[in-house]
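I have placed the structure first, in the form of C-alpha cells, so that the comments after it can refer back to it.
Side chains are part of it too, since the values below use all heavy atoms of this structure and drop only hydrogens, waters and symmetry mates. By convention in this document, chain letters (A, B, ...) are assigned in the order of the sequence lines, proteins followed by strands, and residues within each chain are numbered from 1.
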Number of protein chains: 2
Amino acid sequence: MAEAGIMAGTQSVEATLDEAAAACAARGAQLTDLRRQVLRLILAAPHPIGAYALLDQLRAERPGAAPPTVYRALDFLRQQGLVHRVERLNAFVGCTGAEAHHACGHGHDHPHQFLICSVCGATAEVCDSRVSEAVASAARAAGFRPVRMTVEVEGRCAACAEVT
Amino acid sequence: MAEAGIMAGTQSVEATLDEAAAACAARGAQLTDLRRQVLRLILAAPHPIGAYALLDQLRAERPGAAPPTVYRALDFLRQQGLVHRVERLNAFVGCTGAEAHHACGHGHDHPHQFLICSVCGATAEVCDSRVSEAVASAARAAGFRPVRMTVEVEGRCAACAEVT
DNA sequence: CGCTGCGACGTTACTCTATATCGCATATCG
DNA sequence: CGATATGCGATATAGAGTAACGTCGCAGCG
C-alpha cells in the first residue's frame with residue numbers, strides 16, 4: 001500500500017500497447033512493430049531505462065538494431081506522448097495515466113513532474129496543476145513565455161522513507 | 001531593459017572570482033588556479049556551456065587538460081554553489097545571485113529554477129519560493145520526501161517573445 | 001630527518017548518450 | 001507509371017561522463 005503512489009499503471013502491458021496503437025492511429029500515426037517492441041520494453045522495465053539498455057534488449061529480437069533504431073523509436077513515442085524522458089537520469093519511462101491527463105484537458109504534451117527515489121530508483125509521474133501553474137506564473141513574472149517544463153524531484157519514496 | 005530579467009550579474013568577472021575565492025576560504029575550501037580558470041570561463045560565457053566546450057577553451061591555458069580535469073573542477077564548483085548544471089542542456093552556468101539566496105536564508109544548495117530561451121539560448125536563474133513550495137508539497141502529498149529538485153522551463157525570453 | 005596521510009591534479013582508457021548521414025525498401029497517390 | 005513520403009538498416013562520429021592509477025606537494029608527527 002505504501003507504494004500506491006509510486007506504482008505504474010495496473011493494466012497489462014499488452015493492453016496498454018493496444019490502446020497506444022489505437023491512439024496513434026487516431027492521430028494518423030502508426031505504432032509499427034519496432035516502435036511497439038521498444039514501448040513494450042519500456043513498459044516492462046521496473047524503472048526508467050536508458051537508451052542503450054533498451055538497445056541491448058532490443059537486439060534479442062532484432063539483431064541489426066543500432067543506436068538510431070532506438071532513438072528514432074523513442075522520438076516517435078515521445079511525440080505521441082507515450083514515453084517521457086527523465087533528464088536527470090538520461091532515461092525513459094512510459095507515460096502513466098495518459099488517459100487521466102487527457103481527461104483533465106491536456107494534450108499529449110501535458111505538464112508533468114517526476115518523483116525519483118534515490119534509494120530504490122523508482123520513478124513516479126505526477127500531474128499537479130498547482131505545480132505547473134506556479135512554475136508558469138513565475139516564468140511569466142520574469143517576462144518569459146513558457147512552452148515546456150521539466151520538474152524532477154529527487155528524494156525518498158514512501159517505502160524507502162519508512163526505513164529511514 | 002527587456003532583458004533585465006535574463007541578465008547575469010552586473011559586476012566584473014574578476015570581482016566575482018575574488019568573492020568566490022573568499023566564500024570558499026570561509027568554508028575551508030580553496031579556489032585553486034584550475035578551479036578559478038574553469039569558473040572564469042563559465043562566467044565569461046554568454047550562455048550555459050558544455051563540459052567539452054569548456055575543455056577546449058581550458059586547453060588554451062592548460063594543454064594537458066582532459067575530461068577529468070574539467071569534471072573535477074565542476075564538481076567542486078557545484079559543491080560550493082558557484083555553478084549549477086542545466087539538465088536539459090547538459091551544460092553549466094554560474095550561479096547568479098548567490099548572495100541574494102544566502103540573504104533569503106538558503107544555503108549553497110538552494111532551490112532554483114531555470115528559464116531557458118529556445119530561440120537565443122539565454123538561461124536565467126530565478127529563485128521563487130512559491131514554486132519550490134508547490135513542488136515540495138506535491139511531492140510530500142505523494143508520500144515522497146523531497147531532497148533536491150530540478151525545475152527547468154523552456155520557452156521564449158522577453159526579448160525573443162517581442163519579435164514573436 | 002624520513003614517514004605517512006591527504007588533497008589536487010595529470011594521464012590513459014573506457015562507457016554511455018546522442019546525432020549525422022547514406023542508402024534501401026515499401027507505400028501511397030496523382 | 002513516376003513522385004514523394006515514411007520506415008528502417010547500417011556506418012561513423014560527436015558529446016558526456018567515469019574508473020583507475022600515478023605523481024606531486026604539503027601538512028603533521030615520531
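- Put simply, CZ on A/R88 is 12 Å from P on D/dG17, counting in whole angstrom units.
- Contact between the side-chain N/O atoms of B/Y71 and the OP1/OP2 oxygens of D/dG17 is found at a separation under 4.0 Å.
- Using a 4.0 Å cut-off between a side-chain N of Lys or Arg and a carboxylate O of Asp or Glu, A/E14 and A/R40 qualify as a salt bridge.
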Is there any protein nitrogen or oxygen under 3.5 Å from a nitrogen or oxygen in nucleotides 9-14 of chain C, and what are the pairs?
residue: C/dC9; atom: OP1; partner: B/T32; partner atom: OG1; Å: 2.5
residue: C/dG10; atom: OP1; partner: B/R62; partner atom: NH1; Å: 2.9
residue: C/dG10; atom: N7; partner: B/R72; partner atom: NH2; Å: 2.6
residue: C/dG10; atom: O6; partner: B/R72; partner atom: NH1; Å: 3.1

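- The CG atom of A/L58 sits 17 Å away from the P atom of D/dG7 (whole-angstrom rounding).
- As a whole-Å value, the separation of A/N90 CG from C/dA18 C1' is 10 Å.
- Looking only at distances, a side-chain donor or acceptor of B/R59 sits under 3.5 Å from a matching main-chain atom of B/A65.
- Rounded to whole Å, atom C1' of D/dG7 lies 14 Å from atom CD of A/Q37.
- Taking side-chain N and O atoms only, A/R59 has no distance below 4.0 Å to OP1 or OP2 of D/dG9.
- Summarising the geometry, the separation between CZ on A/R27 and P on D/dT6 is reported as 17 Å, rounded to the nearest angstrom.
- Under 4.0 Å is where a charged nitrogen must lie from a carboxylate oxygen, and between B/D75 and B/R35 no such pair does.
- The distance from the CD1 atom of B/I42 to the CG atom of B/L82 is 9.5 Å, given to the nearest 0.5 Å.
- With hydrogens and angles disregarded, a donor-acceptor distance shorter than 3.5 Å links the side chain of B/E125 to the backbone of B/T96.
- When the P atom of C/dC16 is taken as reference, atom CD1 of A/I49 falls 13 Å away, rounded to whole Å.
- Rounded to a whole Å, the CG atom of A/D75 is 14 Å from the C1' atom of D/dC8.
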Between the protein and nucleotides 27-30 of chain C, are there any N/O to N/O pairs under 3.5 Å, and if so, what are the atom names and distances?
none

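- Listed for the B/Q113 side chain is a donor-acceptor partner under 3.5 Å among the backbone atoms of B/D128.
- No donor-acceptor distance shorter than 3.5 angstrom exists from the side chain of B/E87 to the backbone of B/T150, with no hydrogens or angles considered.
- Aromatic ring pairs are classed by plane angle as parallel below 30°, tilted from 30° to 60° and perpendicular above 60°; the pair B/H84 and B/H112 is parallel.
- At whole-Å resolution of the value, CG in B/L89 and C1' in D/dG15 are 14 Å apart.
- No single ILVMFWY cluster, assembled from side-chain heavy atoms under 4.5 Å apart, contains both A/V93 and A/L43.
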